[in-house]
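A quick note: this is a predicted structure, and the numbers were derived from the prediction, not measured. Residues: numbered from 1 along the sequence shown.
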Amino acid sequence: MTDTRTHPPWLAWAALGVVYVVWGSTYLAIRFSVETMPALLSAGFRFLVSGALLCLGVLLFAGPRAFRMTRPQFGTAALVGFLLPAWGNGLVVVAERDVASGLAALLVASIPLYVVVLRRIIGQRPPPVTLLGVAVGFAGLVVLLLGGPVAGAHGSAWFGPWLVLLAALGWACGTVAGSRLPVPPNPVTFSAVGMLIGGAVLSAGGWASGESLNLAAVSTESWLGWAYCVVFGSIAFSAYVYALGRLPVSTVATYAYVNPVIAVLLGVWLAGERFGPAQLAGGLIVLAAVVLVIRAEARASTAATSPDQATAAPAMQKPGRTGANSFGRGEARGCVSESEGASTVWTDAAPAGAPGAEDAKEGRRWLSD
């Protein structure tokens, strides 16, 4: 999986570091952006711009043919665009008017727990250790929620944390749907189309709810937070695809529990957020559960691709699929990935080495050739 013929090995680790820092810091950027910007409109415009930038990149590096897709593939992109950037990220942006950025990141870290539950509902059988991790994770969420609001947030509405958990459910649904439905061959095109659709839904929702953008009232901090998500979010997506093409998936998946730590530290440092003992304990329990689930699923994926099981592996993946989608892994997302998308290894035990392996190859060609 590693390719060092034209790229030094340290470059892949540097790309993973970009994913850590950027996807971990977007929670704080969102916090600053919603201080003086309408939540839904700011998120909608952000995804429209990010999607347009990715489309431009696809045109420059892969040409118009990269946008070819069947109707079912476009339907998957539209569905995932609604579930991830519109539902998932949109609700996080709304919630951060009342929820501290660090707390939002810790709650979003529950995405892999939701994914495991959804897999169980649709008939898959995750390993017992994975189910144990889910139980531990939900116990951590209870402790986290009972700890009350984090000091330093914009507001303290009781429903704020529940909106974040609902957002995590949307991300999980989008991840599972994208792993089981036909997707466009080019994962960057898939992401771009999903962002554009999600941005359109968020913008329409903002206007329908009466939001308006008064440019004169937008602070410098809000503009910087918004621009950071657009520009650096797109860079982080490219870095994610690059790292996934050259590092083991289990290594890249560590962003799922590194990002929340970075978000908490930045919130405390730059936004004056303060966590109590119960909140810190709950957050640590959730992160420990995510680590447990990631490692259990990675081991299960490795076992599923062992030589003596090779003949059974193809049945684990839908015909015509190229692998788990890049968009579900984060931003995808621009900035979908405030979770950013902490859902790489939990969709299927994909036979091609691990989820995302084939898309990583396609993304690597798009970025390198």
Side-chain angles (χ1 to χ4, degrees), residues 14-15 18-19 21-27 29-30 32-33 37 40-69 74 77-78 80-82 84-86 88-90 92-93 174 178 183-204 206 213 215 218 222-245 255 325-341 359-360 362-369:
V18 170
V19 173
V21 174
V22 175
W23 282 357
S25 59
T26 49
Y27 293 93
I30 290 174
F32 288 142
S33 69
M37 282 184 172
L40 294 177
L41 286 180
S42 65
F45 293 158
R46 174 157 56 92
F47 282 114
L48 289 174
V49 174
S50 295
L53 289 175
L54 282 184
C55 285
L56 179 60
V58 171
L59 283 174
L60 290 176
F61 289 95
R65 291 187 302 174
F67 288 97
R68 292 178 180 175
M69 64 187 75
F74 178 80
V80 174
F82 170 76
L84 270 69
N89 195 274
V92 167
V93 174
V183 299
N186 189 306
V188 185
T189 302
F190 183 30
S191 300
V193 172
M195 286 185 203
L196 292 174
I197 292 173
V201 171
L202 287 168
S203 300
L213 180 60
L215 297 179
V218 179
S222 291
W223 278 122
L224 290 174
W226 184 87
Y228 181 89
C229 284
V230 172
V231 177
F232 287 93
S234 298
I235 293 174
F237 169 73
S238 299
Y240 177 81
V241 173
Y242 183 91
L244 192 60
Y255 79 87
N325 65 82
S326 294
F327 193 74
R329 290 191 298 259
E331 181 201 272
R333 291 151 245 242
C335 266
V336 175
S337 105
E338 280 93 47
S339 57
E340 217 95 280
D359 278 354
E362 177 65 28
R364 183 170 58 198
R365 286 194 294 269
W366 180 80
L367 291 167
S368 305
D369 290 354

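Judged purely by atom type and a 3.5 angstrom limit, Ser203 has no side-chain atom pairing as donor or acceptor with the backbone of Leu41. Remark: side-chain polar atoms of Thr26 are paired, donor with acceptor, to backbone N or O of Trp23 under 3.5 angstrom. For Ser33 (side chain) and Ile30 (main-chain N/O), a donor-acceptor pair under 3.5 Å exists by modelled atom type.
Going from atom CE of Met195 over to atom CZ of Phe237 covers 6.0 Å, rounded to the nearest 0.5 Å. Here Cys229 contributes atom SG and Phe47 contributes atom CZ; the two are 8.0 Å apart, rounded to the nearest 0.5 Å. The line from CG of Leu53 to CD1 of Ile235 is 10.0 Å long, rounded to the nearest 0.5 Å. Here Ser42 contributes atom OG and Trp223 contributes atom CH2; the two are 10.0 Å apart, rounded to the nearest 0.5 Å.
Here the closest heavy-atom approach between residue Ser191 and residue Leu54 is recorded as CB-CD1, 4.2 Å. Smallest separation of non-hydrogen atoms from Pro185 and Pro187: O-CD, 3.5 Å. Summarising the geometry of Gly198 relative to Pro85, their closest heavy-atom pair is CA-CG, 3.9 Å, with the distance given to 0.1 Å. Scanning both residues, Leu196 and Ala52, for their nearest heavy atoms gives CD2-N, 3.8 Å. Of all non-hydrogen atoms in Ala192 and Gly51, the two that sit nearest each other are CB-O, 3.8 Å. Looking at every heavy atom in both residues, Leu48 comes nearest to Ala200 through CD2-N, 3.7 Å.
You'll find the side chain of Val22 reaches within 4.5 Å of the side chain of Tyr228, heavy atoms only. Contact check for Phe190 versus Val80: side-chain heavy atoms found under the 4.5 Å cut-off.
Taking the six-membered ring for Trp and the full ring otherwise, the centers of Tyr255 and Tyr240 sit less than 6.0 Å from each other.
With sequence neighbours excluded, the residues that form a side-chain contact (heavy atoms from CB on, under 4.5 Å) with Thr189 are Val58, Ala66, Phe67, Met69, Asn186, Val193.
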Could you go through the side-chain contact (heavy atoms from CB on, under 4.5 Å) check for Val218 and Trp226 one step at a time? CA-CA 11 Å; Val218 179; Trp226 184 87; over 6 Å; no
